[in-house]
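Input: a single structure, listed below in C-alpha cells.
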Amino acid sequence: MSERSSARNDGGQSSPFSSRVWQASGLFLAVLVVMGVVVVLTTGDRSSSNDAAPGPDAVSSSPSASASAGEGGGCPELAASGSVPRTAPPAEWQLVRSAAVPVSKEAGPAVVEGDVARCYAHSPTGALFAAAQIGTRYLVADDWQTVVKEQTYGDGQQLLLEKRAEFEKSQPSVAPVPGELGQIAGFQYVTYTPDTAVLQVVTRFGSGVLQASTLTLRWHGGDWQLEIPAVSPPQRTVDDLSGYVPWGGV
C-alpha cells in the first residue's frame, strides 16, 4: 500500500490511505502491498484505532482443510498443516518491486508464471500466503490485469479492471514506487473454513503507522482467490501488534 504525504489524518500525520489507482478508479479499495494484501484506501480514521483484534475463538479450523492435492490448474500437491498458525509460519521472503512477499514449499505458491503466482495449499497457511502474494501482485505487477482476472473475484472486480485500464491510458504508471509501500508486520485469522478464509493483516509504514485491514479469500477451482468487494471493510490504525502474530520479511 502506498503512503502519501498529501493525505492527512485527524492528528496531522501523513496517512497511508491514498492511491492514484483507486482514487482514479473511484473505488476506495486497494491492495495492501507490503505483504501483498488487499486493503481499503480511504481517508484516515483513528476513531477505531483501539478496537480489539479478533480472538482465536472466532477461527474454525477443520481437519478437512489439509493441503490440496491439485484439484485444478495443474497444481502439485502441497503438504501444509490444516491447523491455524498461532506463530509466524516459516517463509522465504522475496521482493516484488519493493514489496516483500512470502514463499514456502509447503504453503505455496508452487507455480509462478509471469506475474501470476498460484497453487497454494488448501489450508489456513496457504490462504495467508495467497493473500500476501495476490494482493501485492494485482497492484504492482506489469500484467496486473491477468492477476485480477485469474486470481480475484467479487462485485468490484470488473469495475476495477475497467476503471484502472481507462486511467492508465493517460498515465504511464499507477503502481506505487519504492518508498511508497508499507510492509507486512503481522496477521490474525478472523474465521477459517475449507471454503473461505477471513484474515486481518497489519502493515507497517515508514512513518511507523500500523494499519489493520480485513481480507477475504475463497477456495475455488483448486486454488485460493482474493475478493475485491464493491464496498470494502474499513481499515483501522492500531497502536501495536497486540493480538496479532508478528510476521514479515522487511
Side-chain angles (χ1 to χ4, degrees), residues 1 31-39 53-54 56 59 61 65-68 70 73 75-141 147 151-152 176 178 181-190 192 194 197-206 210-217 219 222-226 238 240-241 243-250:
M1 180 195 310
V31 183
L32 187 164
V33 167
V34 151
M35 68 179 276
V37 192
V38 178
V39 75
V59 179
S61 178
S66 58
S68 168
C75 291
E77 182 175 359
L78 299 178
S81 169
S83 61
V84 171
R86 304 298 182 183
T87 59
E92 174 187 347
W93 292 84
Q94 300 176 351
L95 293 180
V96 176
R97 294 202 177 181
S98 60
V101 293
V103 177
S104 166
K105 291 181 179 179
E106 290 75 26
V111 176
V112 178
E113 298 170 327
D115 286 322
V116 175
R118 62 184 182 87
C119 295
Y120 299 91
H122 192 185
S123 68
T125 305
L128 175 63
F129 278 64
Q133 284 275 355
I134 298 169
T136 297
R137 290 173 181 274
Y138 95 65
L139 180 62
V140 305
V147 177
Q151 297 191 284
T152 74
L181 305 180
Q183 300 292 338
I184 182 173
F187 67 87
Q188 172 68 272
Y189 287 79
V190 179
Y192 179 84
V198 181
L199 310 172
Q200 279 198 348
V201 176
V202 178
T203 303
R204 178 182 286 110
F205 293 91
L210 292 171
Q211 187 167 291
S213 304
T214 301
L215 314 172
T216 299
L217 298 95
W219 184 259
D223 211 354
W224 290 107
Q225 293 182 330
L226 188 64
V238 296
D240 53 41
L241 291 175
Y244 295 92
V245 178
W247 191 54
V250 176

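The residues of the chain are indexed from 1 along the displayed sequence.
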Which atom of [X] lies closest to which atom of [Y], heavy atoms considered:
X      : Y      : value
Pro246 : Ala88  : O-CB, 3.4 Å
Pro85  : Phe187 : O-CE1, 4.0 Å
Thr216 : Leu226 : O-CD1, 3.7 Å
Ala107 : Thr125 : CB-CG2, 3.7 Å
Ala127 : Leu199 : O-CD1, 4.2 Å
Gly82  : Ser123 : CA-CB, 4.5 Å

Can you tell if the side chain of [X] reaches within under 4.5 Å of the side chain of [Y], non-hydrogen atoms only?
X      : Y      : value
Ser98  : Val250 : no
Gln133 : Pro109 : yes
Tyr189 : Pro124 : yes
Arg204 : Leu241 : yes

For Gln94 and Val103, what are the C-alpha separation, side-chain angles and deciding distance, and is it a side chain to side chain contact (heavy atoms under 4.5 Å, CB included)? CA-CA 7 Å; Gln94 300 176 351; Val103 177; 3.6 Å; yes
Whether [X] side chain and [Y] backbone form a donor-acceptor pair below 3.5 Å:
X      : Y      : answer
Gln225 : Leu217 : no
Asp115 : Ala141 : no
Asp223 : Tyr120 : yes
Gln188 : Val245 : no

Mind running side chain to side chain contact (heavy atoms under 4.5 Å, CB included) on Ser104 and Glu92 for me, showing each step along the way? CA-CA 6 Å; Ser104 166; Glu92 174 187 347; over 6 Å; no
In Å and rounded to the nearest 0.5 Å, what is the OG1 to CH2 distance from Thr87 to Trp247? 11.5 Å
Please report the interatomic distance CD(Glu113) to SG(Cys119), rounded to the nearest 0.5 Å. 7.5 Å
Below 30° counts as parallel, above 60° as perpendicular, anything between as tilted: where do the rings of His122 and Trp224 land? perpendicular
Using ring-ring contact (aromatic ring centres under 6.0 Å, His included), reason through Trp93 and Phe129 one step at a time and then give a plain yes or no. CA-CA 11 Å; Trp93 292 84; Phe129 278 64; 7.5 Å; no
Can you check side chain to side chain contact (heavy atoms under 4.5 Å, CB included) on Thr203 and Leu210, steps first, answer last? CA-CA 6 Å; Thr203 303; Leu210 292 171; over 6 Å; no
Show, in sequence, the C-alpha distance, side-chain angles and deciding distance for Arg137 and Val116, and conclude whether the side chain to side chain contact (heavy atoms under 4.5 Å, CB included) test is met. CA-CA 8 Å; Arg137 290 173 181 274; Val116 175; over 6 Å; no
Report the C-alpha distance between Gln151 and Tyr138 in whole Å, list the side-chain angles of each, state the deciding distance to 0.1 Å, and finish with yes or no for side-chain hydrogen bond (donor to acceptor under 3.5 Å, both in side chains). CA-CA 9 Å; Gln151 297 191 284; Tyr138 95 65; over 6 Å; no
